Amino acid sequence: MREAQVSTTWAAPRVAVLNPANDGIPLSPRSDLVPDISDAPLRIEVLEHLVCEQGQLLAQLQQLLLTLQEEHKALSQGHASVVETQLAMCDCLHTSGALPLHEPEERTKIRRSQALLRKVFQVPELLLAMGAAAGMASARMMPPVSRAHGAAMRSVLPCLATNIPPAVHVFGGHTVMGQALAVAECFNIREHRWEVLPSMRQPRFS
């Protein structure tokens, strides 16, 4: 009786490596192990070129920094000279009695406040809020009064006229018996109510 021969040779299972970036297509067994160095010299050349460019740019920035430092030093010296001259002039004016000692400082504060106020009056939202609070008549009076502060207000007057509803005023009138009245009232459109104004000097109606 012949016995069946059983092969004891064991074969390792083949494992397919899938490439998730290529829709699951199996990769070559050695493609993920052997790096591609065919373009390594080109990459090294590009990196060397970038390093050279960065070095040149760094040298230019350092030279620019030195130039700016020299200019800043010159400006600081000029500013110190101007301050010394200004203090000497203030001493001369104070000694001669033509100008009090604290007057230059007060004038400087006033000029700074005026400059800040001019900047504030350039903000359209703030001008609209001021015009709405003061009323259309007061807003129209601002441009003739001040050129510096009124120029910006003049530019927002059309928008202000659109946002502020017109006021309704009633003057005088008469009773049922025909007696003339000197009353004056204003209807507040926003609050929907009448506001009593100072009476007129003479009663009248038409």
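These figures come from a predicted structure and were not determined experimentally. Count residues from 1 along the sequence.
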Let me confirm one number: the [atom1]-[atom2] distance from [X] to [Y], rounded to the nearest 0.5 Å.
{"X": "Leu181", "Y": "His174", "atom1": "CG", "atom2": "NE2", "answer": "8.5 Å"}
{"X": "Arg111", "Y": "Ser113", "atom1": "CZ", "atom2": "OG", "answer": "11.5 Å"}
{"X": "Lys73", "Y": "Glu71", "atom1": "NZ", "atom2": "CD", "answer": "13.5 Å"}
{"X": "Ser199", "Y": "Glu185", "atom1": "OG", "atom2": "CD", "answer": "9.5 Å"}
{"X": "Asp91", "Y": "Gln86", "atom1": "CG", "atom2": "CD", "answer": "9.0 Å"}
{"X": "Leu75", "Y": "His79", "atom1": "CG", "atom2": "NE2", "answer": "10.0 Å"}

Quick one: do [X] and [Y] end up in the same hydrophobic cluster if we chain Ile, Leu, Val, Met, Phe, Trp and Tyr together by side-chain heavy atoms under 4.5 Å apart?
{"X": "Phe205", "Y": "Val170", "result": "no"}
{"X": "Met89", "Y": "Leu87", "result": "no"}
{"X": "Leu197", "Y": "Phe187", "result": "no"}
{"X": "Leu128", "Y": "Met141", "result": "no"}
{"X": "Trp194", "Y": "Phe171", "result": "no"}

Does [X], at its [atom1] atom, have more than 12 non-hydrogen atoms belonging to other residues, nucleotides or ligands within less than 6.0 Å?
{"X": "Met200", "atom1": "CE", "value": "yes"}
{"X": "Glu105", "atom1": "CD", "value": "no"}
{"X": "Glu106", "atom1": "CD", "value": "yes"}
{"X": "Gln69", "atom1": "CD", "value": "yes"}

Shortest non-hydrogen contact from [X] toward [Y]:
{"X": "Pro198", "Y": "Ala184", "value": "O-CB, 3.5 Å"}
{"X": "Leu160", "Y": "Gly131", "value": "CD2-CA, 3.6 Å"}
{"X": "Ala139", "Y": "Met153", "value": "O-CG, 3.6 Å"}

| Apart from Ile44 itself, what residues make up its hydrophobic cluster when side-chain heavy atoms of I, L, V, M, F, W and Y under 4.5 Å apart count as a link, directly or indirectly? |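 Traced through the cluster, Ile44 reaches no other member.
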
| request: Output, in order, the C-alpha distance, side-chain angles, deciding distance and verdict of side-chain contact (heavy atoms from CB on, under 4.5 Å) for Arg112 and Leu116. | output: CA-CA 6 Å; Arg112 289 177 180 176; Leu116 180 61; over 6 Å; no

| task | Measure the shortest side-chain to side-chain distance between Glu103 and Leu93 over non-hydrogen atoms and say whether it is less than 4.5 angstrom. | result |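 Not in contact.
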
| Any side-chain heavy atom of Gln114 sitting closer than 4.5 Å to one from Ile110? | yes

| Passes side-chain contact (heavy atoms from CB on, under 4.5 Å), Leu68 versus His72? Steps please. | CA-CA 6 Å; Leu68 291 175; His72 178 266; over 6 Å; no

| Between the side chain of Ser81 and the main-chain N/O of Gln77, is any donor-acceptor distance below 3.5 Å? | no

| query | For residues Glu53 and His49, is any side-chain donor paired with an opposing acceptor at under 3.5 Å? | reply | yes

